[in-house]
Amino acid sequence: GAVVSQHPSWVICKSGTSVKIECRSLDFQATTMFWYRQFPKQSLMLMATSNEGSKATYEQGVEKDKFLINHASLTLSTLTVTSAHPEDSSFYICSAPKRWEQYFGPGTRLTVT
Amino acid sequence: AQTVTQSQPEMSVQEAETVTLSCTYDTSESNYYLFWYKQPPSRQMILVIRQEAYKQQNATENRFSVNFQKAAKSFSLKISDSQLGDTAMYFCALYSGGGADGLTFGKGTHLIIQP
């Protein structure tokens, strides 16, 4: 199989602070990983594509300076939400492809107070 | 741009009944994959079934089957003998990249199986 983990599973931070979310592929390598955001009762929206060894590519409307992505290795991508505000509160999910199939992490719930 | 449309926000059926969830899509790519994902309250995304666009035969996984109509760009999911554990959000998704693109999701259908 293929397993993707995320850490933390739930984080609460104060407005104005930054928070980092990790996404790891545990038993396979991924040169590309994807970050999605899911608001309550809504679907998953692709935010950005994380590329190992190069810059991330962001979907239209996603602020690259606010959502910093670093693909440090073939098994780790991090999403840092900088200067978080309450409207950034959401469920963040990462995925990594293996061939044509996407393997999803369990998600991270971010609450900004 | 590619799109995925699910027109049923919520459906409710009795246990053991058969239910069909609808999905239409649009893409200009000739090679693509379609998926149905289940998202239970835990919010972990679970792959239910996949369909390669180049395959004419409809995919089947135990109680789950699809009706793939390529010309109509339709991809419906049929759940037979529904069970209480099938209660969840179901998302239709489209993938047409070569590993470099993420999935495009529909808005989802909340399926409720009543005892």
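Every heavy atom of this structure was used, including side-chain atoms; hydrogens, water molecules and symmetry mates were not. Chain letters run A, B, ... following the sequence lines, proteins first, then strands; residues in each count from 1.
There is no contact between A:Tyr103 and chain B, counting heavy-atom distances below 4.5 Å. Using a 4.5 Å cut-off between heavy atoms, A:Glu59 makes no contact with chain B at all. Of the two parts of B:Phe105, the backbone and the side chain both hold a non-hydrogen atom closer than 4.5 Å to a non-hydrogen atom of chain A. Proximity to chain B is limited to the side chain of A:Leu46, based on heavy atoms less than 4.5 angstrom apart.
More than 12 heavy atoms of other residues, nucleotides or ligands sit less than 6.0 Å from atom CE of B:Met11. Heavy atoms from other residues, nucleotides or ligands lying under 6.0 Å from NE2 of A:His85 number more than 12. Within a 6.0 Å radius of NZ in B:Lys70, more than 12 heavy atoms belonging to other residues, nucleotides or ligands are found. The number of heavy-atom neighbours closer than 6.0 Å to NZ of A:Lys66, taken from other residues, nucleotides and ligands shown, is above 12. Applying the 6.0 Å contact sphere to CD of B:Gln56 captures no more than 12 heavy atoms from other residues, nucleotides or ligands.
In plain terms, the two heavy atoms of A:Phe34 and B:Gly102 that are nearest each other are CE2-N, 3.1 Å. Residues B:Leu103 and A:Tyr36 share a closest heavy-atom pair of N-OH, 2.8 Å.
Cluster annotation: A:Trp35 is not connected to A:Phe104 through the hydrophobic network of ILVMFWY side chains, with a link wherever side-chain heavy atoms come within less than 4.5 Å. A:Met47 and A:Phe91 are members of different hydrophobic clusters when ILVMFWY side chains are connected at heavy-atom separations under 4.5 Å. Residues B:Val66 and B:Leu94 share a hydrophobic cluster, clusters being chains of Ile/Leu/Val/Met/Phe/Trp/Tyr side chains in contact below 4.5 Å. Side-chain heavy atoms closer than 4.5 Å link hydrophobic residues (I, L, V, M, F, W, Y) into clusters, and following such links, even through other members, never connects A:Tyr58 to A:Ile93. Two different hydrophobic clusters hold B:Phe68 and B:Tyr33 under the rule that ILVMFWY side chains link at heavy-atom gaps under 4.5 Å.
Of all the listed residues (A:Lys98, A:Gln42, A:Met33, A:Glu101), the one sharing the greatest number of non-hydrogen pairs under 4.5 Å with chain B is A:Glu101.
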For residues 106-115 of chain B, dump all side-chain donor-acceptor pairs below 3.5 Å to protein atoms at least two apart in sequence or in another chain.
residue	atom	partner	partner atom	Å
B:Thr109	OG1	B:Gln6	NE2	3.4
B:Thr109	OG1	B:Gln8	O	2.6
B:His110	ND1	B:Glu10	OE1	3.4
B:Gln114	NE2	B:Ser12	OG	3.2

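Interface with chain B: from residues 74-83 of chain A, no residue qualifies, criterion being any non-hydrogen pair under 4.5 Å. Contacts from residues 38-54 of chain B to chain A, taken as heavy-atom pairs separated by less than 4.5 Å, involve B:Gln39, B:Arg43, B:Gln44, B:Met45, B:Leu47, B:Arg50, B:Glu52 in sequence order. Of all residues in residues 105-113 of chain A, those placing a non-hydrogen atom less than 4.5 angstrom from a non-hydrogen atom of chain B are A:Gly105, A:Pro106.
Between B:Tyr37 and A:Gln102, the closest side-chain pair of non-hydrogen atoms falls below 4.5 Å.
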